[in-house]
Chemist: 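Dropping a structure here in structure tokens format, bear with me for questions.
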Amino acid sequence: VFARADMIMKVKEPLPEEYPLCRPGQTIFTYFHFAASRELTEGMLHSGSVCIAYETVEERGTLPLLTPMSEVAGRMSIQEGAKYLEKPQMGRGILLGGIPGVEPATVMVIGGGVVGTNAAKMAAGLGARVIILDLDADRLRYLDDVMPANCTTLFSNPYSIRKVLRYADLVIGAVLIPGAKAPALVTREDLKTMHEGAVIVDVAVDQGGCVETTRPTTHSNPTYIVDGIVHYSVANMPGAVGRTSTYGLTNVTLRYARILARDGWQKAARASAAIRSGVSVAEGKVTYGAVAEAFDMEHEPIESVL
């Protein structure tokens, strides 16, 4: 299939055993998350293929191909977090929404984007006490308007993050810098201030994670414990609900795939700023600045490649 196809569509990045199958001039259209893997970046550079990343296709200030998976992961983060707060799962033994006479869990959401908003919506709906942290004051104003009364917004800085960590039962890492490695906003030292049995769900794991102690896990072995804190960091959370995820993803990717198949990547990239922004590696060159920066590689702007 790789030998015959001019364009390959996947859900996740090529596996190491697929690197040699990719060839010069072939378009690969999928989630890449290059900044989280030097091995993948170098493998695709060596292949000479054209790599168009779902997660950096940008249109009207949004990331339309990342949004549905962020919605799934944000909503899933709460149901997984609620499960791993249970005592048999090594959690604190807390019901997320509490009951009459017993206070609910405190859910801390770091990042008020699509993942964070969906996580907060689910947690609030279950009756938890929710605190959303973000750097964008306008975004916080919007969330303050649309979220229910059990949701509080807080401007994000090292002080406020450490303050909330001390009493949070469930922490959702929902930080995204498009195409770049996620910043480590929670350090290992911070874990020592948290309640034993608290849970961290780091949705940013695909981009390296926003918690220093994050490492990718799988659906078959999703959690591990560091300093008494349960870490859930499955690198492909939407894969657990594949039916919902497949429809959600193909609803938005098919339009771009048709353009690429009809016009070829160069004509499509010249005509569409959205597709152009998705080209991360092309013909042996890194064309996305944040990827080059992550590995101190030479950056060749896409315009010069075209």
Side-chain angles (χ1 to χ4, degrees), residues 69-111 115-133 147-148 150-152 161-175 185-188 190-206 209-245:
M69 295 304 92
S70 295
E71 290 166 338
V72 171
R75 294 175 183 220
M76 271 194 71
S77 70
I78 299 303
Q79 67 185 46
E80 296 301 325
K83 178 168 73 178
Y84 288 102
L85 271 173
E86 296 171 8
K87 197 65 177 175
Q89 309 293 339
M90 305 304 292
R92 294 197 71 206
I94 292 178
L95 183 65
L96 209 63
I99 59 170
V102 182
E103 64 181 356
T106 297
V107 178
M108 174 187 187
V109 181
I110 308 175
V115 169
T117 301
N118 278 272
K121 189 186 297 183
M122 293 295 106
L126 287 169
R129 181 190 301 118
V130 183
I131 300 168
I132 313 172
L133 296 95
M147 287 295 175
N150 55 331
C151 251
T152 303
I161 287 173
R162 291 185 183 118
K163 177 184 174 184
V164 180
L165 279 173
R166 285 198 291 269
Y167 58 87
D169 300 300
L170 172 60
V171 178
I172 308 297
V175 176
L185 301 180
V186 178
T187 67
R188 178 158 191 174
D190 294 331
L191 301 188
K192 296 172 184 174
T193 69
M194 297 175 67
H195 292 302
E196 185 173 351
V199 175
I200 295 175
V201 178
D202 195 348
V203 184
V205 62
D206 283 324
C210 63
V211 177
E212 185 183 4
T213 45
T214 287
R215 57 176 170 80
T217 61
T218 63
H219 290 293
S220 58
N221 190 20
T223 63
Y224 58 94
I225 297 174
V226 178
D227 297 338
I229 307 303
V230 181
H231 291 57
Y232 177 100
S233 48
V234 174
N236 177 22
M237 289 176 67
V241 288
R243 181 168 292 276
T244 298
S245 299

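Keep in mind that the numbers below use all heavy atoms, side chains included, and drop hydrogens, waters and symmetry copies.
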Chemist: With sequence neighbours excluded, what pairs up with Lys83 under the salt bridge (Lys or Arg N to Asp or Glu O under 4.0 Å) test?
Modeler: Glu80
Chemist: List the atom of Val109, the atom of Gly116, and the distance in Å for their closest heavy-atom pair.
Modeler: CG1-CA, 3.5 Å
Chemist: Can you tell which of Val211, Thr213, Val205 makes a side-chain contact (heavy atoms from CB on, under 4.5 Å) with Ser233?
Modeler: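 Of all the options given, the one that passes is Val205.
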Chemist: Name all residues meeting the side-chain contact (heavy atoms from CB on, under 4.5 Å) criterion together with Pro222; count only those two or more places apart in sequence or in a different chain, and write none if there are none.
Modeler: Tyr84, Tyr232, Val234
Chemist: In chain order, what residues pass the side-chain hydrogen bond (donor to acceptor under 3.5 Å, both in side chains) check against Thr106, with sequence neighbours excluded?
Modeler: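 Once residues adjacent in sequence are excluded, the partners of Thr106 under the side-chain hydrogen bond (donor to acceptor under 3.5 Å, both in side chains) criterion are Arg129.
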Chemist: Which heavy-atom pair separates Ala73 from Val203 by the least distance, and what is that distance?
Modeler: CB-CG1, 3.7 Å
Chemist: Got a sec, which residues hit ring pair (Phe, Tyr, Trp, His ring centres under 6.0 Å) with Tyr224, two or more places apart in sequence or on another chain?
Modeler: His231
Chemist: Do Lys121 and Arg75 make a side-chain contact, defined as non-hydrogen atoms from C-beta onward lying under 4.5 Å apart?
Modeler: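 Lys121 vs Arg75: side chains touch.
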Chemist: Which atom pair, heavy atoms only, marks the closest approach of Thr214 to Gly209?
Modeler: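 In this case the closest contact between Thr214 and Gly209 is CG2-CA, 4.2 Å.
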Chemist: For a side-chain contact (heavy atoms from CB on, under 4.5 Å) check, start with the C-alpha distance between Cys151 and Ile132, then their side-chain angles and the critical distance, and finish with the verdict.
Modeler: CA-CA 7 Å; Cys151 251; Ile132 313 172; 4.2 Å; yes
Chemist: By the side-chain hydrogen bond (donor to acceptor under 3.5 Å, both in side chains) test, which pairs, at least two apart or in different chains, include something from residues 86-100?
Modeler: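 side-chain hydrogen bond (donor to acceptor under 3.5 Å, both in side chains) check on residues 86-100 returns Arg92-Asp169.
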Chemist: State which residues pass side-chain contact (heavy atoms from CB on, under 4.5 Å) with Ala128; sequence neighbours excluded, sorted by chain then number.
Modeler: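 With neighbours one apart ignored, the set is Leu96, Val107, Ala123, Val130.
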Chemist: Quick check: closest heavy atoms across Cys210 and Ala174, and the distance to 0.1 Å?
Modeler: SG-N, 4.4 Å
Chemist: Working to the nearest 0.5 Å, report the span between CZ of Arg162 and CG of Leu185.
Modeler: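 The distance works out to 10.0 Å.
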Chemist: Taking only residues two or more places apart in sequence or in another chain, which ones pass side-chain hydrogen bond (donor to acceptor under 3.5 Å, both in side chains) with Thr218?
Modeler: Ser220
Chemist: What residues form a side-chain hydrogen bond (donor to acceptor under 3.5 Å, both in side chains) with Asn150, not counting sequence neighbours?
Modeler: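 Asn150: no side-chain hydrogen bond (donor to acceptor under 3.5 Å, both in side chains) contacts found.
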Chemist: Report yes if the side chains of Leu191 and Val186 come closer than 4.5 Å at any heavy-atom pair, otherwise no.
Modeler: yes
Chemist: Just so I know, are the side chains of Leu170 and Ile78 near enough to count as touching, which here means a heavy-atom distance under 4.5 Å?
Modeler: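 Counting from C-beta outward, Leu170 and Ile78 do come under 4.5 Å.
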Chemist: Under the side-chain contact (heavy atoms from CB on, under 4.5 Å) rule, collect the residues that match up with Met90, sequence neighbours excluded.
Modeler: Ile225, Val230
Chemist: Partners of Thr187 by side-chain hydrogen bond (donor to acceptor under 3.5 Å, both in side chains), sequence neighbours excluded?
Modeler: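 Checked Thr187 against side-chain hydrogen bond (donor to acceptor under 3.5 Å, both in side chains); matches are Asp190.
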Chemist: Check side-chain contact (heavy atoms from CB on, under 4.5 Å) between Asn236 and all other residues, then give those that pass, not counting sequence neighbours.
Modeler: Lys12, Pro238
Chemist: List for me each residue that meets salt bridge (Lys or Arg N to Asp or Glu O under 4.0 Å) alongside Arg215, sequence neighbours excluded, and say none if there are none.
Modeler: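 None.
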Chemist: Would you compute the distance between atom CG of Asp227 and atom CZ of Arg188 and round it to the nearest 0.5 angstrom?
Modeler: 4.0 Å
Chemist: Given the rule in the side-chain contact (heavy atoms from CB on, under 4.5 Å) test, do Thr223 and Thr217 qualify, once you have shown the distances and angles that lead to the verdict?
Modeler: CA-CA 7 Å; Thr223 63; Thr217 61; over 6 Å; no
Chemist: Assess the residue pair Leu126 and Gln79 against the criterion (side-chain contact (heavy atoms from CB on, under 4.5 Å)); give the C-alpha distance rounded to whole Å, side-chain angles, the decisive distance to 0.1 Å, and a yes or no.
Modeler: CA-CA 10 Å; Leu126 287 169; Gln79 67 185 46; over 6 Å; no
Chemist: Run the side-chain contact (heavy atoms from CB on, under 4.5 Å) test on Met122 and Met76 for me, step by step, so that the C-alpha distance in whole Å, both residues' side-chain angles and the decisive distance to 0.1 Å come before the verdict.
Modeler: CA-CA 9 Å; Met122 293 295 106; Met76 271 194 71; over 6 Å; no
